[in-house]
*Asks:* 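First, the structure itself, so that you have it in front of you.
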Amino acid sequence: DTGVSQNPRHKITKRGQNVTFRCDPISEHNRLYWYRQTLGQGPEFLTYFQNEAQLEKSRLLSDRFSAERPKGSFSTLEIQRTEQGDSAMYLCASSWWDRDSNTIYFGEGSWLTVV
Amino acid sequence: AQTVTQSQPEMSVQEAETVTLSCTYDTSESNYYLFWYKQPPSRQMILVIRQEAYKQQNATENRFSVNFQKAAKSFSLKISDSQLGDTAMYFCLHVDDKIIFGKGTRLHILP
């Protein structure tokens, strides 16, 4: 088990371009979460999945953001027409969630810089 | 909606001292989990300690312990014999369906 893996770790893109981040959770984890974190701030919730179902999407997520988890394993977070305000670290986490246990594992984050 | 409040944006203590980080939360759930994670400059989130809400006994993990007051919705973290490696951002998390983070407390351990 290699933990939660995020790729790419760093991305520099020009304003207006599309970017996609990938998260590979710990195998068999049924929950997968995406957060956004800017310097000096706590992570802000973006969206989360139970298996392949997207259960909730934050109002922080504009229409330019979309996330998928097609087979209930890895997930992608796409940002279309990037803006400078999208510059942040995008953090993925996974867990095996049920009412009796819940341990969360975090990836190392994907840094986005929009220039 | 669940919220988590960390009222201390930044703290500094001398090495070997004891420090307590505060966390309060708001929830309507009866069954949930609370966590403290640290985030050093490397940005990797590291689990410090975990508490199940149905357990009355406070969790401890070596130098780290919590004071969990369910009725008061309070979950403070005590770090004993603080070390330079404890310098990090500390986040309090409330977890039931979603993970809700506090805004964090930046802790500096001074030599």
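Numbers restart at 1 for each chain; the letters A, B, ... are given by sequence-line order, proteins then strands.
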*Asks:* Answer with side chain, backbone, both or neither: which region of A:Glu44 has an atom nearer than 4.5 Å to a non-hydrogen atom of chain B?
*Replies:*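 For A:Glu44, neither part sits under 4.5 Å from chain B.
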*Asks:* Could you tell me which non-hydrogen atom of A:Ile104 sits nearest to which non-hydrogen atom of B:Tyr37, and how far apart they are?
*Replies:*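 Distance-wise, the nearest heavy atoms are O-OH, 2.7 Å.
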*Asks:* Hydrophobic clustering (ILVMFWY, side-chain heavy atoms < 4.5 Å, transitive) - are A:Val19 and A:Tyr90 grouped together?
*Replies:*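 Linked within one cluster.
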*Asks:* Hey, is NZ on A:Lys11 packed in by over 12 heavy atoms from elsewhere, all under 6.0 Å?
*Replies:*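 Open: at most 12 neighbouring heavy atoms sit under 6.0 Å from NZ of A:Lys11.
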*Asks:* Take a 6.0 Å sphere around CD1 of A:Ile12 and say whether it holds more than 12 heavy atoms from other residues, nucleotides or ligands.
*Replies:*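 Atom CD1 in A:Ile12 is not crowded, with 12 or fewer foreign heavy atoms closer than 6.0 Å.
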*Asks:* Considering residues, nucleotides and ligands other than A:Arg15, do more than 12 of their heavy atoms fall under 6.0 Å from its CZ?
*Replies:*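 At most 12 heavy atoms, drawn from other residues, nucleotides or ligands, come within 6.0 Å of this atom.
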*Asks:* On a heavy-atom basis, which atom in B:Met45 and which in A:Pro43 lie closest, and how many Å separate them?
*Replies:*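 That closest heavy-atom pairing would be CE-CG, 3.7 Å.
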*Asks:* Just checking A:Glu68: does its CD atom have more than 12 heavy atoms from other residues, nucleotides or ligands closer to it than 6.0 angstrom?
*Replies:*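 Atom CD in A:Glu68 is not crowded, with 12 or fewer foreign heavy atoms closer than 6.0 Å.
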*Asks:* Side chain, backbone, both or neither: which part of A:Leu91 has a heavy atom under 4.5 Å from chain B?
*Replies:*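 Looking at A:Leu91, just its side chain touches chain B.
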*Asks:* Linking I/L/V/M/F/W/Y whenever their side-chain heavy atoms sit closer than 4.5 Å, directly or via other members, would A:Phe45 and A:Leu55 fall into one cluster?
*Replies:*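 Yes, one cluster joins them.
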*Asks:* Quick check on the 6.0 Å ring-centre criterion: do B:Phe101 and A:Tyr35 meet it?
*Replies:*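 Yes, the ring of B:Phe101 comes within the 6.0 Å limit of the ring of A:Tyr35, centre to centre.
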*Asks:* Are B:Leu47 and B:Met89 co-members of a hydrophobic cluster defined by side-chain heavy atoms under 4.5 Å apart?
*Replies:*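 They do share one cluster, since a chain of ILVMFWY contacts under 4.5 Å joins B:Met89 to B:Leu47.
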*Asks:* Considering only heavy atoms, which portion of B:Gln39 lies under 4.5 Å from any heavy atom of chain A: side chain, backbone, both, or neither?
*Replies:*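 Side chain of B:Gln39 only, per the 4.5 Å heavy-atom cut-off to chain A.
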*Asks:* Write down the atom of B:Lys98, the atom of A:Tyr48, and the distance for their closest heavy-atom approach.
*Replies:*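 Distance-wise, the nearest heavy atoms are CG-CE2, 3.4 Å.
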*Asks:* Examine whether an atom of B:Ile46 lies under 4.5 Å from a heavy atom of chain A, and if so say whether it belongs to the side chain, the backbone or both; otherwise answer neither.
*Replies:*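 B:Ile46 has no heavy atom closer than 4.5 Å to chain A.
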*Asks:* Could you check whether any side-chain heavy atom of A:Met89 comes within less than 4.5 Å of a side-chain heavy atom of B:Arg43, counting everything from C-beta outward?
*Replies:*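 Yes; the side chains approach each other to less than 4.5 Å.
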*Asks:* Does the pair B:Val95 and A:Arg31 meet the rule for a side chain to side chain contact (heavy atoms under 4.5 Å, CB included), with working shown?
*Replies:* CA-CA 12 Å; B:Val95 181; A:Arg31 285 280 173 102; over 6 Å; no
*Asks:* For residues B:Gln44 and A:Phe106, report the shortest heavy-atom separation together with the two atoms involved.
*Replies:*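 For B:Gln44 versus A:Phe106, the nearest heavy atoms are NE2-O, 3.2 Å.
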*Asks:* Establish whether B:Ile49 and B:Met11 are linked, either directly or via other cluster members, by ILVMFWY side-chain heavy-atom contacts under 4.5 Å.
*Replies:*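 Per the 4.5 Å side-chain linkage, B:Ile49 and B:Met11 are co-clustered.
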